[in-house]
Amino acid sequence: EGEHKEAIEWFDKAIAIFPYFTEAHFNRALAYQKQLDIANAIRAYRKVVEVGDPKEPEVKKAQSFLDGMAKSIRDTYLEAKTEFDRAFDLMQRGEWLSALEGFRATVAKNNRNPPSHGNMGLCYAKIGHKAKALAELDRAIELDPKYEPAIINRVHVKQMEEGHPIDIDNLVHTDFSMERFQRE
C-alpha cells in the first residue's frame, strides 16, 4: 500500500522471529528499493541470497538485482575512470578549463572521489578562482581527512589572490585511485 517504512519494520520483526524467512528478506529488500534506499536494498538482497535456496524465485530475482547493480557500478567506475584520465591528461598539458570540465563530468559520476575534487581545485586555482579552488580542496579533505595532496595544495591556494591564477608549478596532482573508489 505504499507504506514502505512501516513494512520494513514488520519485515524486521518477522526476520527477528525467523532469520531464514527468505520472503521477508526479499520483501524488505523490495521496500528499500521502492524508497530508493539502494544501499539497504543491496544489503537485504544479499541476505536473501545468503539464507535462501538458490532455486527459489526470490533468490534468483535477488541475485539478478545484485548482478545488475554490480555491472552498473563497474560501468560507472569505468566511465568515471575514462573521463578522469582524459581530464588528467588535459591538466598535465595545462589545458585548465577543459580539464576542469572533465573533472566535473567525473564528479557527476562519482562525487566521493578525493582526487577528482582535488584536481578540480587545482584547475580552479590555475584559472584564478581561489574560492572555488578552496571549496573543492575542502571537499577532497572532507571525503578523506588524510588526503595529503589536497592538504598540501590548500596551503598554496590559501595564499593566492582571487582573480589571479596561481603560478606555482609544484602543486601536487594525483591520479584516479581504484582502491579509494572501491572503499568509498
Verify whether one side chain among Asp67 and Gln63 offers a donor that lies under 3.5 Å from an acceptor in the other.
-> yes
Considering all heavy atoms, the nearest Thr106-Phe84 contact | OG1-N, 3.3 Å
Between the CG atom in Asn40 and the CG atom in Asp37, the distance rounded to the nearest 0.5 Å is 4.0 Å
Report yes or no: do Leu90 and Leu122 belong to one cluster of Ile/Leu/Val/Met/Phe/Trp/Tyr joined by side chain heavy-atom distances under 4.5 Å?
-> no
No-hydrogen, no-angle side-chain donor-acceptor test under 3.5 Å, His4 and Gln35 | no
Look at the side-chain heavy atoms of Ile, Leu, Val, Met, Phe, Trp and Tyr, link any pair under 4.5 Å apart, and say whether Val107 and Trp96 land in one connected group.
-> yes
Quick one: do Val59 and Leu66 end up in the same hydrophobic cluster if we chain Ile, Leu, Val, Met, Phe, Trp and Tyr together by side-chain heavy atoms under 4.5 Å apart?
-> yes
Partner of Arg46 under side-chain contact (heavy atoms from CB on, under 4.5 Å), picked from Ile42, Val49, Val48, is Ile42
Is there a donor-acceptor pair closer than 3.5 Å between any side-chain N or O of Arg139 and the backbone N or O of Asn111?
-> yes
State whether Asp89 and Arg93 are salt-bridged, where the test is any N-O pair (Lys NZ or Arg NE/NH1/NH2 against Asp/Glu carboxylate O) under 4.0 Å.
-> no
Salt bridge Arg86-Glu83, side-chain N to carboxylate O under 4.0 Å | yes
Check whether any side-chain heavy atom of Met120 sits under 4.5 Å from a side-chain heavy atom of Arg104, and report yes or no.
-> yes
